[in-house]
Structures are given as structure tokens and as C-alpha cells.
Amino acid sequence: MKIKFPQLLLSGSHKKIEPIFFEWFTLVGLFVFAAWLLGIRGVWSLLLQSDPTGITMVIILIFVIATIWCGNRSRTLHLQRHMMEQAIANPNDPKSADSWAAEYWDGLRANPVDGSAPMDVLSEKTHGAHGTAWWVNGLQLKLGLLGKVIGFSMLAMQIGHMQSFDQSQAQEMLRDLTSGLGVALLTTMVGLVANILLGLQLTRLDRYADEFLAQAQSHGLWIKG
């Protein structure tokens, strides 16, 4: 088994690093194009005017901030992966001494009492922040459902205040009734779309972090062995 690890690492060290930061830039470019296309179609003005609660705007703001965070996170993971590749190819390179992987390998060399402690620390650095991001992703969906509840509550209150049905006022009554229904449907739709798009970015980050962790662990087993 000890003979296989160097061969595995030799082939892995020449493996091209996935350009996750470039992938994020490409995805954001698609988002910007879609936002521009929706803008010229008047969708943004429709969303903002049809939602007096402001929940739609809050969901969009959360999505934008979370997307920027995903870009910064993808850049961090890409740099750490690149530093790990350099450390494997050239163990004496001082530029890689402060990388997450190098700290993990130093922890293994120290033979700690708790053998899983170095891996726990590395796992926290690679995946810990993603837990909060996934919570934010779920928050978008919950805000959409909250808007749905508020919209139907508005609809129910408007129906409850109707004392009589006058055909001369039918148009105004229908407009009042559909306002609550519009809030319910629009906030739910925006929350679902934001949840799907942010979930796509976070899933990609998790996958990249898993590959980083696996490669660091493989080299760590060779060092420990």
C-alpha cells in the first residue's frame, strides 16, 4: 500500500485544477444577462410593484449577497487547491507553508493524541462556512413561503370585508382580490428560483471542497505511513 500512494500522488499532482472561480464568473455572467433581459421585458418593475410587502426585494438582495460570497469562497478554495498542488510537487516551497493542507500534514506529523483532530480542523476549514450558506439558501425559500402566507392572508381579509357584491364595483373588487394572490405567487416563485440558483453554486463548492479534502487526505496517509 505504501508503494501505491506516491504513484497516485504523482499522477494527481499533474492533474489540471478545475477552474471553479472561472466557472463562477461564467455563471454570474449568465445571471447578469438574464437580469438585463428581464429588465427590458419589464419583469423587475412588475415584481416590485406587485409586492407591497417588500419580501421579493429582500429575497433578491439576499441572493445577490450570497452569490458574491460564493465567488469569494470559490476563489479561496481555488487558491488553497493550487497551493496544495505546489506543496505536493515541491515540499520545500515556502509559499505553501501556510496553506490548509500543509497545516493538516504538519498536524499528522506531530502524532496528536486524537488522531482525527487534524482532519476535523481541515474539514472545518473546507466545509464549515458552507453550513451557514446552506442555511441562508433555505432562508430564501422560507421567505417565499412567508410571502405566500401573507398574500393569502391579505386575500382572506379582503374577502372577509366584502359585505355585498355590486356589479358596478366588480372591477375594483377583483383588483383588490388579485393583489393578495399576486403577493403569494410572486414571492413564492422568486424564493424558489433563488433557492435553486444559490443551491447550484453551493453544491459545486461542496463538491470542490470534497475533492480538496480527499486529495489532502491521500497525501496525508502517505506521510503518516
Side-chain angles (χ1 to χ4, degrees), residues 17-35 38 43-44 47-48 51 53-85 98-101 103-104 107 114 116-152 183-218 220:
I17 302 177
E18 298 175 43
I20 186 173
F21 192 46
F22 178 75
E23 293 175 6
W24 177 83
F25 259 118
T26 304
L27 187 62
V28 169
L30 293 176
F31 289 165
V32 172
F33 175 74
L38 293 175
V43 175
W44 293 120
L47 288 175
L48 298 179
D51 181 16
T53 64
I55 294 179
T56 300
M57 191 63 187
V58 172
I59 295 174
I60 294 174
L61 182 61
I62 291 175
F63 174 76
V64 171
I65 295 175
T67 298
I68 294 174
W69 179 88
C70 287
N72 183 65
R73 184 64 179 176
S74 64
R75 178 178 177 273
T76 300
L77 289 175
H78 180 81
L79 290 176
Q80 289 293 331
R81 180 85 176 267
H82 182 68
M83 292 170 66
M84 179 177 65
E85 295 285 352
D98 296 330
S99 65
W100 297 345
E103 293 176 0
Y104 165 65
D114 185 0
S116 62
M119 175 54 64
D120 292 340
V121 173
L122 181 61
S123 180
E124 175 64 24
K125 291 181 178 180
T126 56
H127 293 79
H130 298 184
T132 303
W134 277 109
W135 179 85
V136 172
N137 190 42
L139 178 63
Q140 296 179 130
L141 187 59
K142 292 179 176 64
L143 286 174
L145 295 177
L146 176 62
K148 184 176 182 179
V149 173
I150 293 176
F152 280 115
V183 171
L185 296 179
L186 288 176
T187 53
T188 304
M189 179 191 67
V190 173
L192 285 172
V193 173
N195 178 266
I196 293 172
L197 295 179
L198 183 57
L200 176 65
Q201 299 177 69
L202 294 177
T203 300
R204 185 68 185 93
L205 287 175
D206 281 345
R207 178 58 182 165
Y208 193 86
D210 289 340
E211 293 175 356
F212 175 90
L213 199 65
Q215 189 173 3
Q217 187 176 25
S218 296

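Atoms considered below: every heavy atom in the structure, side chains included; atoms not considered: hydrogens, waters and symmetry mates. In what follows, residues are counted from 1 in the order of the sequence shown.
Of the inter-residue distances, the one linking Leu77 atom CG with Met84 atom CE reads 10.5 Å to the nearest 0.5 angstrom. To the nearest 0.5 Å, atom CG of residue Leu205 and atom OG1 of residue Thr126 are 11.5 Å apart. To the nearest 0.5 angstrom, Thr188 atom OG1 is 11.0 Å from Leu143 atom CG. Atom NE2 in His130 sits 13.0 Å away from atom CG in Asn137 (nearest 0.5 Å). The distance from atom CD of Gln80 to atom CZ of Arg75, rounded to the nearest 0.5 Å, is 11.0 Å. Atom CG of Leu197 sits about 11.0 Å away from atom CG of Leu192, to the nearest 0.5 Å.
With contacts defined as side-chain heavy-atom distances shorter than 4.5 Å, the pair Asp210/His127 qualifies. Contact check for Leu47 versus Met189: side-chain heavy atoms found under the 4.5 Å cut-off. Proximity of Thr203 to Trp134: side-chain heavy atoms (C-beta onward) are separated by under 4.5 Å at one or more points. No side-chain heavy atom of Thr187 sits less than 4.5 Å from a side-chain heavy atom of Leu146. Using a 4.5 Å heavy-atom cutoff, the side chains of Leu213 and Tyr104 are not in contact. Side-chain contact between Leu27 and Glu23: absent, with no pair of heavy atoms (C-beta onward) separated by less than 4.5 Å. Contact annotation: the side chain of Val121 approaches that of Lys125 to within less than 4.5 Å [non-hydrogen atoms, C-beta and beyond].
You'll find the ring centres of Tyr208 and Phe212 outside the 6.0 Å limit.
Panel note: side chain Trp24, backbone Asn72; no donor-acceptor pair is recorded below 3.5 Å.
Minimum interatomic distance between Leu198 and Gln140 (heavy atoms only, all atoms of both residues): CD2-NE2, 3.6 Å. Nearest heavy-atom pair, Ala216 versus Leu122, reported as atom, atom and distance to 0.1 Å: CB-CD2, 3.8 Å.
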Let me have the donor-acceptor pairs involving side chains of residues 55-70, under 3.5 Å, with sequence neighbours excluded, atom names and distances please.
residue, atom, partner, partner atom, Å
Thr56, OG1, Asp51, OD2, 2.7
Thr67, OG1, Phe63, O, 2.8
Thr67, OG1, Gln201, NE2, 3.3

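Ring orientation note: the planes of His82 and His78 are close to parallel, at an angle under 30° on the 30°/60° scale.
Under a cut-off of 6.0 angstrom, the local environment of CZ in Phe22 is sparse, with at most 12 non-hydrogen atoms contributed by other residues, nucleotides or ligands.
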